[in-house]
Amino acid sequence: LAASSQVEIASQLERRAVITMIVDEGQLVRKGDVLIKLDDEEIVNLISEEELAVENAAAALTAAESALEVRKLTGESAMSLAAVDVRLAETALESWQEGEDRSRQQQLALDLETAEKDFVRLQERFEASRLLLEQQFISEDEFKRDEIELLRASSRLEQARLAKVTYEKYDRAMQQERLMADIQRAKDKQRETRERHDREIEAQEREVQNRRFQLTRKREDLDKARRQLDMCVITAPQDGLVVYASSLSRDRRNGEEPPQVGTELRRNRTVIVRTFAHIPRIEVS
């Protein structure tokens, strides 16, 4: 006799499983009754490992998120300091232009003007001394002293002219270029700091995304392990009569032994063919 409908009961575990309890063949069962229990020790251990992996992944994600926040703060601080360095360099140039440079130019101009006037004065005095010497109103020694003073004034005038030209042509240009170079270096450092900050933030954000992905995967693995644990207990989906699959196909399977405690099952191997409780009546005449 064949049942009008039947349900095949098989292990859905992704690994081989050993039967630790199985309902007797021929027994009538109700919906929800336990039909088979499978050894769950490996899965329980796996769940413990996966729970620890989830905790570690969550901690790693938290650490990565904290590192990202720290990186943002330190990067902002570094960029602020770089901006300050730029402003200081620009201020140094402005201060030099309005202070030291202007003062130096004024001093050199004054020195030159003073040297020129002193030279003119001593030149006029020397010419007067020449006339006085010719008229013997002064001595030769006094005339020589005036001549020496004129030579000194000429030297001071030449030095004043040379100092002004040297400063304007060389010293001033070098100092200005040096200060402008300081500004450029500060700006280059500011740009490098910003680029480095952006790279570090991008890398840390990728790390956070990776840690978040790892946590999601670990949670999925844990959920899967828990579902596998639930599959270690196989219950009857409906009321019915328990019939072992081996009883229906023993000849075809060359004498396959009926399932019992200790039998190892492969995934999707049919163990029980549970027929519905309703059995059609057969009349014999």
Between [X] and [Y], does at least one N-O distance fall below 4.0 Å, as a salt bridge requires?
{"X": "Arg199", "Y": "Glu202", "answer": "no"}
{"X": "Glu134", "Y": "Arg130", "answer": "no"}
{"X": "Asp221", "Y": "Lys224", "answer": "no"}
{"X": "Asp118", "Y": "Arg121", "answer": "yes"}

Open item on the list: Test: side chain to side chain donor-acceptor pair (under 3.5 Å). Region: residues 49-59. Which pairs qualify, not counting sequence neighbours?
Closed with: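 Listed by first then second residue: Glu51-Arg226.
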Task: Within residues 65-91 or reaching into it, pairs that qualify as side chain to side chain donor-acceptor pair (under 3.5 Å) - sequence neighbours excluded - done: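 Passing the test, one end in residues 65-91: Glu65-Arg212.
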Open item on the list: Here's a test for you: under side chain to side chain contact (heavy atoms under 4.5 Å, CB included), which of Thr235, Val233, Val29 qualifies with Leu35?
Closed with: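 Output: one option passes, namely Val29.
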Task: Criterion salt bridge (Lys or Arg N to Asp or Glu O under 4.0 Å) on Arg145 and Asp141, from CA distance to verdict - done: CA-CA 6 Å; Arg145 284 199 298 268; Asp141 185 62; 2.4 Å; yes
TODO: Give a yes or no answer on whether the side chain of Thr166 reaches the backbone of Leu162 with a donor-acceptor pair at less than 3.5 Å.
DONE: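 Side chain of Thr166 to backbone of Leu162: a pair is present.
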Task: Heavy-atom donor-acceptor pair, Gln238 side chain to Lys31 backbone, under 3.5 Å - done: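 No; zero donor-acceptor contacts below 3.5 Å.
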Salt bridge (charged side-chain N to carboxylate O under 4.0 Å, His left out) partners of [X], counting only residues at least two apart:
{"X": "Asp182", "answer": "Arg185"}
{"X": "Glu192", "answer": "none"}
{"X": "Glu98", "answer": "Arg102"}

Task: Inter-residue atom distance Ser129.OG - Leu122.CG, 0.5 Å rounding - done: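 Here the interatomic distance stands at 9.5 Å.
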- [ ] Starting at CG of Leu46, measure out to CG of Leu229 and round the result to the nearest 0.5 Å.
- [x]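 Spacing of CG (Leu46) from CG (Leu229) equals 10.0 Å.
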Open item on the list: With a 6.0 Å cut-off (strictly less than), is the heavy-atom count around CD of Glu41, excluding the residue itself, greater than 12?
Closed with: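 Not more than 12 within 6.0 Å, no.
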Task: For Leu179, the rest of its hydrophobic cluster, which grows through side-chain links under 4.5 angstrom - done: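 Via sub-4.5 Å side-chain contacts, Leu179 links to Leu93, Trp96, Leu108, Tyr167, Met180, Ile183.
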